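What you see below is based on every heavy atom in this structure, not just the backbone, and it leaves out hydrogens, waters and symmetry mates. Because the structure is a prediction, the values reported are computed rather than measured. For ligands, and for the atoms within them, numbers begin at 1 and follow the listed sequence.
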Amino acid sequence: MPLHVIQFPLLVALTLAAVLPLAIACGSGDSSGDDGVPTVETRDGGGNPTQQPSVEGPVTAEIDQEDLTFIPEKVTLKVGEVLLIKNSETAIHTANIDGKNITGNMKKGDEVRWKATAPGEYKVTCDYHPQMKATITVTP
Ligand SMILES: [Cu+2]
């Protein structure tokens with residue numbers, strides 16, 4: 001058997017061995033920052049965090065879900081600051097940031113805190129109402 005035929009599978013195996021742990025580390029999908037502190041916090045209708053520890057940092061912007069709309073449709077905050085998303089109506093909503101549902105189903109009175117960790121522009125959508133759109137701008 002020519003040498004290169006033997007080497008090829010070995011090369012593939014070595015490449016996979018090198019790449020897989022990275023893919024697993026990047027794809028864990030948790031909502032924690034690098035320091036292990038959560039970057040998303042959900043609250044029940046009574047305003048109590050449904051997880052511990054909770055998101056830390058000042059709430060500097062707010063998006064309300066009302067009249068099947070995100071109000072306001074544009075918010076700006078700095079890295080390290082926290083966005084409060086709340087549902088003020090009986091319709092069930094979600095808040096998806098760049099397509100990732102971070103809230104689950106939000107009932108009236110539910111709140112979610114989202115910590116800005118990286119500069120950029122983030123699109124906010126709702127699973128149930130395609131017309132609901134907002135933009136979060138995070139500055140350094
Ligand atoms: Cu909605």
*asked:* So does E66 get a backbone contact from the side chain of S88, meaning a donor-acceptor N/O pair under 3.5 Å?
replied: no
_Min side-chain heavy-atom separation R113-K115 under 4.5 Å_ = no
*Are K108 and E89 close enough that some pair of their side-chain heavy atoms sits under 4.5 Å apart?*
no
*Enter the distance from W114:CH2 to I63:CD1 here, rounded to the nearest 0.5 Å.*
9.0 Å
*Counting backbone and side-chain atoms alike, does Q65 have an N/O/S atom under 2.8 Å from the Cu ion (ligand 1)?*
no
*asked:* Rounding to 10°, state the angle centred on the Cu ion (ligand 1) that links SG in C126 with ND1 in H129.
replied: 110°
*Have a look at the Cu ion (ligand 1) and estimate, to 10 degrees, the angle subtended by ND1 (H93) and SD (M132).*
90°
